[in-house]
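Here's the structure we're looking at; comments come further down.
Throughout, protein chains are lettered first and strands after them, A, B, ... in sequence-line order, and every chain is numbered starting at 1. These numbers were taken from a predicted model, which means no experiment stands behind them.
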2 protein chains.
Amino acid sequence: MLDWTTQFSHRTARMQASEIRELLKLLDDPNVLSFAGGIPDPELFPADAFRRAYREVLSDDGCDQALQYSVSEGFAPLRRWIVGYMATVGIECSLDNIMITSGSQQALDYLGKLFLSPGDTALVGWPTYLGALQAFNAYEPSYDRLEPFGNQSTEALQAQAKAKGGAVKFAYTTPDFANPTGETLSLEARARILDQAEALDCLVIEDAAYQALRFKGKSIDPILKLDIERSGNIDATRTVYCGSFSKTLSPGLRLGWVVAAKPVVQRLVLIKQAADLNTSAINQMVMTKVAEAVFTDQVVRVRASYAHRLSCLLTALEAHMPSGVSWNEPEGGMFVWVRLPESMDAQALLKEAIETIQVAFVPGHAFFADGTGRNYLRLNFSLPKPAQIEEGMKRLGGLIASKL
Amino acid sequence: MLDWTTQFSHRTARMQASEIRELLKLLDDPNVLSFAGGIPDPELFPADAFRRAYREVLSDDGCDQALQYSVSEGFAPLRRWIVGYMATVGIECSLDNIMITSGSQQALDYLGKLFLSPGDTALVGWPTYLGALQAFNAYEPSYDRLEPFGNQSTEALQAQAKAKGGAVKFAYTTPDFANPTGETLSLEARARILDQAEALDCLVIEDAAYQALRFKGKSIDPILKLDIERSGNIDATRTVYCGSFSKTLSPGLRLGWVVAAKPVVQRLVLIKQAADLNTSAINQMVMTKVAEAVFTDQVVRVRASYAHRLSCLLTALEAHMPSGVSWNEPEGGMFVWVRLPESMDAQALLKEAIETIQVAFVPGHAFFADGTGRNYLRLNFSLPKPAQIEEGMKRLGGLIASKL
C-alpha cells in the first residue's frame with residue numbers, strides 16, 4: 001500500500017482542515033445561531049430573475065452555446081456588462097482587461113500561481129481574509145505585514161523578503177469592509193499602499209468582494225482607479241482588481257472577475273485554460289441577463305437589509321456585551337470584528353458557545369498569518385435575522401460575562 | 001511601469017498560447033470545416049432534460065441551496081449517483097471516495113498541485129492529452145514515456161527521475177479511446193501499468209473522459225477496478241480515476257469527478273476549498289436530475305451518432321487519402337489519429353489547409369511532451385456532420401496528395 005504522506009508535494013504541507021469548514025456544517029443545524037459564515041441571506045437572492053434567465057438562455061438559440069465548452073477568458077457579453085459596471089466605480093477598461101473566474105476565490109488562486117514562487121513574500125493585512133491565505137499557501141510564500149501607515153521602510157521589507165529567498169511580489173488588500181475586520185481604508189491609506197507597491201516594484205491585489213455593500217458614508221476610489229490616474233491608462237497599472245457576484249446576486253453560480261493590465265490578463269487566461277478550460281457557459285450567460293435586469297435594484301435591496309441587521313447587531317452588542325469587550329462599526333459589508341479581553345481565547349470560547357448556548361462565530365486567529373489574535377472573533381450579520389441577532393448576542397454576552 | 005516578465009513565477013514560464021485556442025476560434029467561422037476541437041455535437045445535448053431540471057431546481061425548496069455557497073467535496077446526491085455509476089463499471093466506492101470537480105480538467109490541475117514538486121517526473125503517453133501536459137506544466141515536472149510494453153526498467157525510470165531532482169510521482173493515461181490517438185489499452189497493458197506503478201511506488205491517474213463512448217467491442221476493466229482487486233478495497237489503491245459529464249451530457253455545466261482512496265480525496269477537498277471553494281451548486285443539482293433521468297438513454301444516443309460519423313470518416317479517409325497516409329480505427333471516443341508521410345509537417349499543412357481549403361485539425365506535435373510527432377494530425381469526428389466529413393476529407397486528401 002502506498003504511503004501517501006511521502007507522495008504529496010511539499011506545497012500542500014501547510015494545508016489542513018480549517019475550522020471554517022467545520023463551522024459551515026453547523027449551518028445545517030437549525031438549533032445553532034450561526035454568526036460564522038460569510039454567507040449572503042438566500043431570502044435576498046433574486047430568484048425570479050434567475051428563473052427567467054435560465055429559461056431564456058435554454059429556450060432560445062443560445063441553448064447550444066449554453067451547454068457547450070466556451071472561451072477561457074469568459075463570455076463576451078458578461079465582460080461587456082463588467083466594463084460598464086467598472087465605469088460606475090470610476091475605472092475605465094476594455095474587454096481585454098477582463099477575465100471571468102469561478103468566483104473571486106479562483107482569482108486569488110490563479111494570482112498566487114502566476115506571481116508567487118516558493119520563498120516570495122506576500123504583504124497581507126494582520127488580520128486578513130482566511131481564504132486568501134489558503135489560496136496563496138499552495139504557492140509557498142512568506143507573509144509580511146501590509147501597513148499603510150506602518151514604520152517599516154520598503155527597503156526593510158524588501159531586505160526581509162530577500163533574506164527569505166525571494167522578493168515582495170504583491171500587497172493583498174480588501175479596501176472596503178474587509179473580511180474579517182469590516183474596516184475600510186481611507187483614500188490616503190490606498191494611496192500609500194500604491195506608493196509602497198511602487199517603491200517595492202510589486203503588484204497590488206485589490207479584493208473588491210464587498211465593495212457594492214456600502215450602507216452609509218461616501219464611496220472611496222478603488223486602488224485601481226488611483227493607479228490609472230497615476231499611470232495614465234489601465235495597461236500601465238500594477239493593480240489587479242478582483243470582483244465578485246457572490247455578495248450581490250448569488251454565490252451559487254460561482255462567478256467573479258479580474259480586471260488588470262492586458263499582460264496579466266493574457267497570462268491568467270493561459271492559467272485558466274490549463275486549470276479548468278472555462279467557467280460554466282450557461283452560468284455566465286444567465287448572470288449576464290440577471291445583472292442587466294436587476295443588479296442596481298438588487299444592490300439597493302441587499303444594502304438595506306444588511307444595514308438593518310448591522311444596526312441590530314450593534315444595538316445588541318451594546319446591550320449585552322460586558323465591559324472589556326469592544327468592536328468596530330463598519331460602513332458596510334458582512335462582518336463586525338470583536339475584541340475580547342486579552343486573557344480570553346476565542347477558539348475555546350467557540351467550543352463552549354456551540355455546546356452550551358448554541359452560538360457560532362469564527363475565532364480571530366484564523367485570519368492571522370502567524371496565528372496570533374486569539375482574543376478576537378468575527379461576527380457575520382448577513383445571514384442571521386434580527387431576532388436571532390438579538391438572541392445570539394444575549395447568549396454570547398452572558399457567556400463572556402460569566403468568564404470575567 | 002512594472003516589468004511584468006520579472007514578476008511572473010517561474011512555474012508559468014512554460015506557458016504559451018496554444019494553437020488549440022486559436023483553432024477553437026475557427027469554429028465560429030461557418031466557412032471552415034473543423035475537425036479540430038474535442039467537442040461534442042450540441043445537437044445531441046439533452047436540452048429538454050436540462051430545461052426541466054433547471055426549472056425544478058429553481059422552483060422548489062432547493063432554490064435557496066441552488067443559489068448559495070456549497071460544500072467543497074460536492075453535492076451529496078450527485079456523488080451518490082456517481083457511486084451508482086461507478087458500480088456499473090465494476091468499481092465499488094463510497095461517497096467519501098468522490099469529489100466533484102469543475103470539469104475533469106480541474107482534477108488534472110489539482111492532482112498536479114497535490115503530487116508534483118518541481119523536478120518530479122510524470123509518466124505520460126507519447127503522445128498524450130495536450131490539456132494534461134498544460135495542467136501539469138504549472139507544477140514544473142519532467143516527463144518520461146509511459147510504455148506498458150516498453151523495454152525501460154522501472155529502476156532506470158526511477159534513476160532518471162532522481163537525476164532530474166525528484167521521483168516518478170504518477171503515470172497518467174487515458175485507457176479508453178485516448179485523446180489524441182483513439183487507442184484503447186488492452187487488459188494486459190492496464191495490468192502492466194499497475195505493475196509499473198507498484199514497482200515505482202507511484203500513483204496512476206486514470207483519465208476516463210471517453211470511457212462511456214464505446215461503439216463496438218467489449219468493455220475492458222478500468223485500472224481502478226484492477227487495483228481494487230489487487231488491493232482488497234478502494235482505500236488501499238494507488239489509482240485516481242477522473243470522470244467527466246462533458247462528453248455524455250454537457251460540457252457547459254463544467255462537471256467532472258474524482259474517485260480515489262480517502263486520503264487523496266481529503267487532500268483534494270482542501271485544495272478545492274482553497275482554490276475555488278466549490279463547484280456551482282445549481283449546476284450540480286441540475287446534473288443530478290439530468291443524470292438520473294436520461295444518462296443511460298443519452299449514452300446510447302451519443303454512441304450511435306458518433307459511431308456513424310466515425311464510420312463516415314473511415315470511409316472518407318479510405319476514399320480520399322493518398323497512399324503513404326495511414327490511420328487507426330478506434331472502437332469509440334472522438335478522434336482518429338492520422339500519420340502523414342515522414343517528410344510532411346502537420347503544422348505547416350494546417351496553415352495551408354485553413355487558408356486554401358478551409359479545413360482545420362490539430363497538428364500532432366501538440367500532444368508530444370517533447371514536441372516531436374510533426375507528421376501526425378488529429379481528426380475529431382464528434383462535431384462535423386457526415387456530409388462535412390466527406391467534403392473535408394476530400395479537400396484534405398487532395399491537398400496532401402498535391403504535396404507528394
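Residue B/Tyr54 touches chain A through its side chain alone, counting heavy-atom pairs closer than 4.5 Å. Contacts between B/Phe115 and chain A at a heavy-atom distance below 4.5 Å involve backbone atoms as well as side-chain atoms. Using a 4.5 Å cut-off between heavy atoms, B/Thr279 touches chain A through its backbone atoms (N, CA, C, O) alone. With a threshold of 4.5 angstrom between heavy atoms, B/Ala261 approaches chain A through side-chain atoms but not through N, CA, C or O. For A/Ala275, the parts lying under 4.5 angstrom from a heavy atom of chain B are both the backbone and the side chain. Only the backbone of B/Ala66 comes within less than 4.5 Å of a heavy atom of chain A; no side-chain atom from C-beta onward does.
Here B/Phe50 contributes atom CZ and A/Cys63 contributes atom SG; the two are 9.0 Å apart, rounded to the nearest 0.5 Å. Residue A/Asp276 holds its CG atom at 8.0 Å from CG of B/Asp109, rounded to the nearest 0.5 Å. With rounding to the nearest 0.5 angstrom, the CD atom of A/Glu43 is 7.0 Å from the CG atom of B/Asp64. A distance of 10.0 Å separates CG of A/Leu67 from CG of B/Leu249, quoted to the nearest 0.5 Å.
Summarising the geometry of A/Phe8 relative to B/Pro263, their closest heavy-atom pair is CZ-O, 3.9 Å, with the distance given to 0.1 Å. Nearest heavy-atom pair, B/Ser59 versus A/Arg51, reported as atom, atom and distance to 0.1 Å: CA-NE, 4.0 Å. The shortest heavy-atom contact between B/Gln68 and A/Pro40 is NE2-O, 2.9 Å.
The main-chain N or O of A/Gly252 is found under 3.5 Å from a side-chain atom of B/Ser280 such that the two form a donor-acceptor pair. Looking at B/Lys169, its side chain does come within 3.5 Å of a backbone N or O of A/Gln7 through a donor-acceptor pair. Side chain of B/Ser117 to main chain of A/Ser9: no donor-acceptor pair is present (N/O by atom type, distance under 3.5 Å, no hydrogens or angles). Under a 3.5 Å cut-off, the side chain of B/Gln105 and the backbone N or O of A/Ala274 do form a donor-acceptor pair. Side-chain atoms of B/Arg254 come within 3.5 Å of backbone N or O of A/Asn278 as a donor-acceptor pair.
In terms of heavy-atom pairs under 4.5 angstrom with chain B, the leader among A/Asp120, A/Leu203, A/Leu108, A/Leu255 is A/Leu203. Options B/Ala281, B/Ser250, B/Ala138 differ in how many heavy-atom pairs under 4.5 Å they form with chain A, and the most are formed by B/Ser250. Taking B/Gly103, B/Ser231, B/Cys202 one by one and counting their heavy-atom pairs under 4.5 Å with chain A, the maximum is reached by B/Cys202. Heavy-atom pairs under 4.5 Å with chain A peak, among B/Leu277, B/Asp41, B/Ile271, at B/Leu277.
Residues A/Asn283 and B/Ile282 form a side-chain contact, since some pair of their non-hydrogen atoms from C-beta on lies under 4.5 Å apart.
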